[in-house]
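Only one structure is covered here, and it is reproduced in the block below.
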Amino acid sequence: MAGARGDMRFLLLVAVVAASATVCAAQLRRNHYAGVCPNVETIVRGAVAKKFQQTFITVGALVHLYFHDCFVQGCDASVLIASTANNTAEKDNSANLSLAGDGFDAVIKAKAALDAVPRCRNQVSCADILTMATRDAIALAGGPAYAVELGRLDGLSSTAASVPGKLAPPSSSLDKLTALFASNGLSQTDMIALSGGHTVGLAHCSTFASRLRPTVDPTLSPKFAAQLQSWCPPNVDARTAVPMDTVTPRAFDNQYFKNLQTGMGLLSSDQLFYTDPRSRPTVDAWAKSEAAFDQAFVTAITKMGRIGVKTDASQGNIRRNCAAFN
């Protein structure tokens, strides 16, 4: 009976979160800036394209940054805030120290490009800039092009203390991951689709070191394990990182799922999608069809972009500097 009550409470929580996301989604719209900055998407896309030409790391960095922003306090650009003498911000929590600087820089560059246009200056939220920049980076890497909902305000709070429990470590079980995503209104299918974003980006050796030593994780391909051991020897520099998709690291495609089929998932939380029979059919389907993956990914990232958004002036504003509160 106690277990049943617990299940009911969890289902009620998921229902409340989903209902909240629906209300927020209704307040977001694709043409939000039409009256104040009609070329907003073209301007952001141009800035991201310039950053992309400088370094391909921009793609994975933005995808990673967007995920970490939305899962902690909602998609409100709180992860962009810099720490001060009086506040340790979200970005300086240990779980966020792996976020690549190129993602932050892409948002800063896009913000500067918008502010260079008089009618657009301080009219577009940093939360929306991050949303658009992530979409544009994915398309530049060959991924799906999709419309984004806009109208988010920037959050008024960012603390390192708000992060624990919001981002699952790579060692998480399927059940723990599924529960975390469900608490944000996302299904297991959404979760696997979003994890497909690991087709781009890098991971530090420390995030998968336990799969290599003292014994090799049996779900790893022996050949892949040997390759990783050579890239990440004992006492390797903590800054050393390797591509999360070592086959097509510069393309946003469905190779991630093909890698899982051959024991080449970099993180244990990636590989478990194939080793667990509950999620394996989804992996197999998307390894077979890139179009199916693209469609699922667009659905999932659109839903993620609705998590905890602020649309009321009492909840947020449009920052003049994405790294500091007004």
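Only heavy atoms go into these numbers, but all of them, side chains included; no hydrogens, no water, no symmetry mates.
- In this view, Arg320 and Asn122, Asn326 satisfy the side chain to side chain contact (heavy atoms under 4.5 Å, CB included) rule, not counting sequence neighbours.
- Between Asp217 and Thr219, the side chains place a donor N or O and an acceptor N or O closer than 3.5 Å (distance only, hydrogens not considered).
- The closest side-chain donor-acceptor pair between Thr248 and Gln255, if any, does not fall under 3.5 angstrom.
- In terms of heavy-atom proximity, Val200 sits nearest to Ala251 at CG1-O, 3.8 Å.
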Show me the side-chain donor-acceptor pairs of residues 281-297 shorter than 3.5 Å, one per line, residues at least two apart or across chains.
unit_1: Asp284; atom_1: OD1; unit_2: Gln261; atom_2: NE2; d: 2.9
unit_1: Ser289; atom_1: OG; unit_2: Ala292; atom_2: N; d: 3.0

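- Sorted by first and then second residue, the pairs that involve residues 222-237 and meet side-chain hydrogen bond (donor to acceptor under 3.5 Å, both in side chains), not counting sequence neighbours, are Asp237-Arg239.
- The salt bridge (Lys or Arg N to Asp or Glu O under 4.0 Å) test applied to Asp245 returns no partner, not counting sequence neighbours.
- No donor-acceptor pair closer than 3.5 Å links the side chain of Arg306 to the backbone N or O of Leu28.
- With sequence neighbours left out, the salt bridge (Lys or Arg N to Asp or Glu O under 4.0 Å) criterion links Asp175 to Arg278.
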Under the side chain to side chain contact (heavy atoms under 4.5 Å, CB included) rule, what do Leu174 and Phe273 come out as? Steps first, then yes or no, please. CA-CA 7 Å; Leu174 183 64; Phe273 292 142; 3.8 Å; yes

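- Neither side chain, Thr58 nor Asp102, offers a donor N or O lying under 3.5 Å from an acceptor on the other.
- Judged as a salt bridge (Lys or Arg N to Asp or Glu O under 4.0 Å), the pairs with a partner in residues 188-208 (not counting sequence neighbours) are, in order, Asp190-Lys303.
- With 3.5 Å as the limit, one finds a donor-acceptor pair spanning the side chains of Tyr66 and Thr131.
- In terms of heavy-atom proximity, Val236 sits nearest to Cys205 at CG1-CB, 3.9 Å.
- The nearest pair of heavy atoms linking Ser172 to Lys176 is OG-CD, 4.0 Å.
- No donor-acceptor contact under 3.5 angstrom links the side chains of Tyr33 and Asn39, judged on distance only.
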